[in-house]
Amino acid sequence: MKSTINTLIQDHQIAAIIFDLDGTMVDNNNYHLASWRQYLKEKQIEISEEAYKKHINGRTNKDAIEYIYQRKMSNQEAMEYALQKEMIYRKLYAPYIKPVKGLIELINHIHQKKIKMAIATSGIQVNIDFLFDHIPIKQYFSAVINSAHIKKGKPDPEIFLTAANTLQVNPNACLVFEDAAVGVKAAKDAGMYVVALTTTQTEVELSEAHLIINNFTTLL
């Protein structure tokens, strides 16, 4: 039997749905990788796609910057570096930004069913605002949790538990959409049902998810 959003909500008694942002709502991780490479070029540091997926995708800017420079930093120092990279990212991606196929239709469907929605992203507020400026869906989300609201980034479950607490919903009643293996682990460790999208990583890399899809049209 084909899994649809209605089936998932009913079968798992879902009261809230939480979306990751990068690679989940927008298929943008190639642009993040390109912006990292452009940012690091003048510093004569190279990063492979494999290293990006393993150490950067899905993680907070602070965790990513500390991996790049191989040392611990204060939040302020890490953010100074991160903001330089994120400025490059927004400039690169602005002409091409669009939602993952089926996202808008899915959000409208969930909204009509009066299911609470939140975003839980390792990203920073300026990039969240960038998304909302280009894809006007902010009004559908009761909460937007980002890296500034947590102490531990994915794969720690803190960000998803924070989202559930903000929505005042039991974590076991939450469904999460993710694209990164670290995000899948974080959501599962929070006790949530996880649907992974293959925008960034392979089915094998995302095999811990409860369900794997290519895009949101699968669930409509």
Sequence neighbours left out, cut at 3.5 Å: what donor-acceptor pairs do the side chains of residues 168-187 make with other protein atoms?
residue, atom, partner, partner atom, Å
Asn170, OD1, Asn172, N, 2.8
Glu178, OE1, Ala180, N, 3.2
Glu178, OE2, Lys154, NZ, 2.6
Asp179, OD1, Thr24, OG1, 3.4
Asp179, OD2, Asn29, ND2, 3.0
Asp179, OD2, Thr200, OG1, 2.7
Lys185, NZ, Asp189, OD2, 2.9

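Panel note: side chain Lys188, backbone Glu208; a donor-acceptor pair is recorded below 3.5 Å. Side chain of Lys138 to main chain of Phe132: no donor-acceptor pair is present (N/O by atom type, distance under 3.5 Å, no hydrogens or angles).
In terms of heavy-atom proximity, Ala94 sits nearest to Ile97 at O-CG2, 3.6 Å. Across all non-hydrogen atoms, the minimal contact from Ile18 to Ala164 is CD1-N, 4.4 Å. Annotation for His134 and Phe130: closest pair ND1-O, 2.9 Å, computed over non-hydrogen atoms. Of all heavy-atom pairs spanning Ile65 and Ala78, the tightest one is CG1-O, 3.9 Å.
Between Gln112 and Asn108, the side chains place no donor N or O within less than 3.5 Å of an acceptor N or O (distance only, hydrogens not considered). No hydrogens or angles considered: a donor-acceptor pair under 3.5 Å links the side chains of Asn215 and Thr217. Residues Asn146 and Thr121 bring no donor and acceptor atom of their side chains to less than 3.5 Å of each other.
Residue Lys43 places its NZ atom among more than 12 non-hydrogen atoms of other residues, nucleotides or ligands, all under 6.0 Å distant.
At a threshold of 4.0 Å, the pair Glu66-Lys62 counts as salt-bridged, since one of the basic side-chain nitrogens sits closer than that to a carboxylate oxygen.
In the hydrophobic clustering of ILVMFWY residues, with side-chain heavy atoms under 4.5 Å counting as a link, Ile115 and Ile137 come out together. Clustering ILVMFWY residues whenever any of their side-chain heavy atoms sit less than 4.5 angstrom apart, transitively, puts Ile213 in the very cluster that holds Leu106. Cluster annotation: Leu40 and Met79 are assigned to distinct hydrophobic clusters (Ile/Leu/Val/Met/Phe/Trp/Tyr, side-chain heavy-atom contacts under 4.5 Å, transitive). Hydrophobic clustering places Met73 together with Ile68 (ILVMFWY residues linked when any side-chain heavy atoms are closer than 4.5 Å, directly or through intermediates).
Between Phe19 and Phe141, the two ring planes are perpendicular [angle over 60°; tilted spans 30° to 60°]. Using cut-offs of 30° and 60° on the angle between ring planes, the pair His32 and Tyr89 is parallel.
For the side-chain hydrogen bond (donor to acceptor under 3.5 Å, both in side chains) test, no residue two or more places apart in sequence or in another chain qualifies with Asp133.
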